[in-house]
Structure formats: structure tokens, C-alpha cells
Protein chains: 2
Amino acid sequence: MKEGPDIALLGSLIGDPARANILTALMSGKALTATELALEAGVTVQTASSHLKKLQDAHLLRQRKQGRHRYFTLADDDVGSVLEAMMGLAAKRGLLRTRTGPRDEALRKARVCYNHLAGDLGVAIYDGMVSQGYLAEADDDVSLTRDGEDFAEAFGIDLASLVKSRRPMCKSCLDWSSRRTHLAGSLGSALLNRFYKLGWAARVEGSRVVEFSASGERSLLAKFAIKAPAS
Amino acid sequence: MKEGPDIALLGSLIGDPARANILTALMSGKALTATELALEAGVTVQTASSHLKKLQDAHLLRQRKQGRHRYFTLADDDVGSVLEAMMGLAAKRGLLRTRTGPRDEALRKARVCYNHLAGDLGVAIYDGMVSQGYLAEADDDVSLTRDGEDFAEAFGIDLASLVKSRRPMCKSCLDWSSRRTHLAGSLGSALLNRFYKLGWAARVEGSRVVEFSASGERSLLAKFAIKAPAS
DNA sequence: TTCATGGTTCGATCCTAGTCGAAGCATTCG
DNA sequence: CGAATGCTTCGACTAGGATCGAACCATGAA
């Protein structure tokens with residue numbers, strides 16, 4: 001009894017609605033200010049501030065000062081992963097939010113997961129890269145093959161700079177919607193940025209949804225040799 | 001804002017210390033009665049009962065009546081996975097329980113994860129089976145190869161009966177201690193039972209720790225072609 | 001300097017949710 | 001049929017934590 005790490009503290013942190021909203025909002029990967037988060041969570045700035053302090057103390061959040069603003073982000077990818085996993089379980093148990101709007105469908109198709117692409121399209125890209133031999137799966141880790149390196153460079157990604165960053169280049173992350181794996185890590189976020197740059201996709205303001213243009217989606221499907229278009 | 005599944009409800013369920021203790025206790029995979037769980041959680045039977053009700057309402061727990069006893073187990077492997085993931089995050093954030101006894105080391109080496117083997121040895125077995133070509137990894141799924149089927153049958157596992165059970169035969173599960181993958185699913189639990197039967201290992205009463213005998217561990221390492229013995 | 005904006009800290013309030021005692025069912029055993 | 005055990009329900013109590021108003025810092029602009 002009472003073995004292992006303390007799960008209750010973590011749970012209670014996520015368990016408060018206001019904090020859960022804050023964390024969910026930060027899953028978009030954007031750095032948000034305290035006031036923005038307060039609005040998002042539906043509480044006053046004071047309360048949000050106290051929540052943010054608690055989340056920081058538990059090292060779930062990171063704070064960056066910039067001028068007179070303070071930007072908050074999730075501490076790292078691990079926090080995002082756990083949140084996704086919990087969303088998966090919650091979704092499966094039917095603990096869905098009451099209000100499921102039309103946005104929900106868009107969310108399932110393509111959304112930002114902290115800093116990379118998730119949703120059906122994210123999964124499809126991952127599958128495509130594996131079947132093309134660009135990604136190699138070993139154990140729980142994923143790695144880029146030689147072919148994959150060539151592919152990435154040709155696609156306009158500067159691998160050298162990715163290597164320099166400390167965080168792992170390839171990482172797999174589990175979707176809450178499709179319960180399949182998609183690509184995270186610095187390569188995952190680099191790919192997403194590339195999609196933005198190429199004009200294939202754009203963020204929907206104030207949401208995790210990523211919207212692909214018709215031509216952008218076509219290019220994407222072709223580029224990653226995705227057979228069955230994600231319906 | 002307020003997109004996606006409701007994480008707060010799930011979090012608050014896990015967030016209460018008593019409930020967290022109950023869930024952690026059930027991670028051992030054993031079916032426990034309400035009174036046992038109350039003792040484990042350090043509360044009276046009445047309170048435990050109310051907690052159990054809530055956990056059941058959220059479909060995190062399953063109840064089996066047997067005579068005048070009511071046995072509780074985790075609803076399924078998914079719940080266990082999320083709990084392990086949360087333990088991983090909590091451990092990394094240094095949110096460890098104050099009391100970390102000598103048991104902790106044993107826990108890291110080999111423990112029961114719901115119904116299969118986790119810890120360093122669990123990971124080693126998984127790695128060994130992959131490198132021997134018994135397990136094939138595709139996407140996030142793992143499957144048994146033909147060679148693997150032969151191996152399992154030869155090891156004394158009745159695959160036919162495993163197939164009949166509805167739950168997937170192979171599944172990967174993430175360790176909170178080593179943060180690597182080990183084998184779950186019906187095959188995972190069948191393997192663990194086989195270890196018990198062969199007298200290689202035994203459960204330490206009232207704990208998740210699995211203790212291997214010296215000869216049992218040797219046999220294990222040999223059987224699964226594990227190179228570097230988990231230190 | 002003064003003013004304005006963004007955040008935090010303090011204090012008081014309020015309310016939910018955990019807790020247990022006691023009583024109420026259900027099941028099994030003698 | 002009692003009697004005993006295992007568990008749930010009910011009711012009352014309490015504490016902890018979320019919440020916000022107000023005051024208090026810090027930074028940047030005029």
C-alpha cells in the first residue's frame with residue numbers, strides 16, 4: 001500500500017475545472033498570458049493567478065517573462081502526453097462535455113497537440129511515413145531512417161538545427177480521438193510549421209483546430225503517400 | 001475553449017487521496033473487496049463504499065458479486081495505462097511519496113501492472129521477444145509472429161483460449177519506472193501466470209512486487225534471450 | 001514623475017465534498 | 001429462524017479550497 005509515485009496530487013491539480021480548462025487551452029501549444037487564461041477558464045485574474053502558481057509549483061507549467069507580460073506554456077511534451085491520454089480515457093467513458101459543437105468534427109480531423117499535428121491527418125501522416133520507410137519503429141521509440149532524412153531535407157526541414165535542440169527529434173504520441181499514434185518531437189513540430197509556411201494549413205484562432213485548404217490537403221496526401229483519405 | 005473531452009471529472013476522481021489509494025491498490029490486478037480497499041485507503045468502510053460508487057459511475061471500476069463478497073477490479077487495461085502514465089509524470093516531477101522504502105527498488109525491478117509484468121524485467125522480456133522476432137511492432141500495435149506463436153505454445157501457453165477472450169492478445173504498456181514499453185494484453189498476463197506456475201516467481205503479499213527466485217531469473221534471462229541482465 | 005496596464009498577494013466568504021456514526025439491506029451459516 | 005458478516009444509505013459535521021474584492025507590486029508609456 002502507498003507504493004509508487006503520488007498520483008493524487010497530480011489528479012487533484014487536473015481535477016479542478018478552472019485548472020483543467022487552463023491546461024486544455026495550453027494544449028494548443030501557444031504561450032498564453034495570465035489574463036487570456038483567466039478568460040479561457042472563466043474565472044477572474046486573481047483566481048487564475050493562484051491556479052497558475054499551483055501548476056507551476058508542480059512543474060506542470062513553465063513561465064516566460066517578456067516585457068510586462070508573462071507567458072505560460074506546458075512544461076514539456078510529457079505533460080501534454082498525459083493530458084491526451086486522460087482525454088482518451090474520458091472520451092471513451094462518455095465523459096464528454098455536454099456541448100459538442102460542429103467544431104468537434106474538425107478537431108478530430110486535424111488539431112494541434114501541444115506543438116505538433118494530431119487528429120486523423122496526423123495519424124495518416126505517421127502511417128504514411130512508416131509505410132514509405134521514412135520512419136522506423138523500434139520498441140517504443142521511433143527514429144528517422146536515411147531515406148527519411150533525405151525526405152525531410154527535401155521537404156525543407158533543417159535537420160541540423162533540430163539535432164541541436166535537446167528534446168528528442170522523433171516521439172510518438174497517442175491521439176485521444178482515434179487512439180492511434182502520431183508523430184511528436186521536434187520533427188513533428190517542424191513538419192507542422194512547414195505546413196503553415198507552405199500555406200497548406202492555418203490555425204483557427206482561439207481553438208486547437210488546424211484547417212487545411214483543399215489544395216493543401218491534396219498536396220499533403222500526395223506528399224506522404226496517404227492512401228485512404230481521412231474521412 | 002472548452003473543447004474536447006472533460007478531463008476535470010476524471011482528474012478529480014483520481015485526485016482524492018482515498019480514491020487514489022484504491023486505484024493504486026487495484027493496479028496490482030487482484031480483485032479486492034470493499035473492506036480490503038477501505039483498509040488500503042485508510043478510511044472506514046462507509047467512505048470507501050461511497051468512493052467505490054463514484055468510481056463505478058465513471059466506469060473506472062468493475063464489480064463482481066461472489067457470494068456475499070463484492071470484488072472490485074479496474075474496468076479495463078486502459079484505466080491501468082492512464083494510471084501508469086500519471087505515475088510516470090508524477091515520478092518525474094518529484095512528486096514522489098515521502099516514504100520511499102527498500103521496496104521501491106524491488107518495485108522498479110519487477111512488479112505487477114494490473115495483470116501482467118512490469119518493471120525492468122518486464123521491459124527486458126519485451127525487448128527480448130522483439131529482437132528474437134517473436135513480436136512484431138506496427139504503428140502503436142504489437143502482434144505475435146508465427147515464430148512467436150510457436151514459442152508461446154512451446155512455453156506452455158494455450159493460445160487458442162487467449163484468442164477466445166475478447167481483449168486484445170498483445171498490447172504495449174508504458175512503465176512509470178523505466179519509461180519503456182512492456183507487454184500487456186492477454187498474452188502478457190498469460191506469461192506472468194506461467195512464471196508463477198513454473199515457480200520462477202511469486203507475488204509478495206500485500207504489494208505489487210514480484211519476486212523472482214535466483215534460478216527463476218536465470219531461466220527467464222535464458223528463455224527470452226535477454227543480454228544485459230536488468231541490474 | 002504620473003498614469004495605465006498586467007499580475008500577484010491578502011483576507012473574508014462561501015460551499016462543496018470527504019468523513020464517520022448509526023441504521024438499514026442482503027446473504028450466508030448454524 | 002436468528003445471528004453474523006459484508007456492504008450500502010442516510011444524516012450531520014467539518015475542513016479545505018475555490019472564489020472574488022481590494023489593496024499592493026512591477027513594468028512600460030507619456
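So you know, we letter chains A, B, ... as the sequences are listed, proteins then strands, and number each from 1.
For the pair B/Leu52 CG and C/dA17 P, the interatomic distance rounds to 18 Å; values are reported in whole Å. Following rounding to the nearest Å, B/Leu61 (CG) and D/dT8 (P) show an atom-to-atom distance of 11 Å. Computed from coordinates, the A/Leu55 CG to C/dG7 C1' distance equals 16 Å when rounded to whole Å.
The side-chain contact (heavy atoms from CB on, under 4.5 Å) test applied to B/Gln63 returns B/Gln56, B/Arg70, B/Phe72, not counting sequence neighbours. Every residue two or more places apart in sequence or in another chain that forms a side-chain hydrogen bond (donor to acceptor under 3.5 Å, both in side chains) with B/Thr44 is listed here: B/Gln46, B/Thr47. Residues passing the side-chain contact (heavy atoms from CB on, under 4.5 Å) test with A/Arg62, sequence neighbours excluded: A/Thr73, A/Ala75. For B/Ser50, the side-chain contact (heavy atoms from CB on, under 4.5 Å) partners two or more places apart in sequence, or in a different chain, are B/Lys54. Listed by chain and residue number, nothing satisfies the side-chain contact (heavy atoms from CB on, under 4.5 Å) test with A/Ser49 (two or more places apart in sequence, or in another chain). Taking A/Asp76 as the reference, B/Arg93 meet the side-chain hydrogen bond (donor to acceptor under 3.5 Å, both in side chains) condition, with sequence neighbours excluded.
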Quick test: give all pairs of protein nitrogen or oxygen and nucleotides 18-21 of chain C nitrogen or oxygen below 3.5 Å, distance rounded to 0.1 Å.
| residue | atom | partner | partner atom | Å |
| --- | --- | --- | --- | --- |
| C/dG18 | OP1 | B/Arg19 | NH1 | 3.3 |
| C/dG18 | OP1 | B/Arg19 | NH2 | 2.8 |
| C/dG18 | OP2 | B/Lys54 | NZ | 2.7 |
| C/dT19 | OP2 | B/His51 | NE2 | 2.7 |
| C/dC20 | OP2 | B/Thr44 | N | 3.2 |
| C/dC20 | OP2 | B/Thr44 | OG1 | 3.1 |
| C/dC20 | OP2 | B/Thr47 | OG1 | 3.1 |
| C/dG21 | N7 | B/Gln46 | NE2 | 2.6 |

Scan nucleotides 3-7 of chain D against the protein and return all N/O pairs shorter than 3.5 Å with their distances rounded to 0.1 Å.
| residue | atom | partner | partner atom | Å |
| --- | --- | --- | --- | --- |
| D/dC7 | OP1 | B/Arg70 | N | 3.4 |
| D/dC7 | OP2 | B/Thr35 | N | 3.3 |
| D/dC7 | OP2 | B/Thr35 | OG1 | 2.1 |

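Under the side-chain hydrogen bond (donor to acceptor under 3.5 Å, both in side chains) criterion, the residue pairs touching residues 7-20 of chain B are B/Arg19-B/His51, with sequence neighbours excluded.
Ring geometry, A/Phe195 versus A/Trp200: the interplanar angle falls under 30°, so the pair is classed parallel (tilted spans 30 to 60°).
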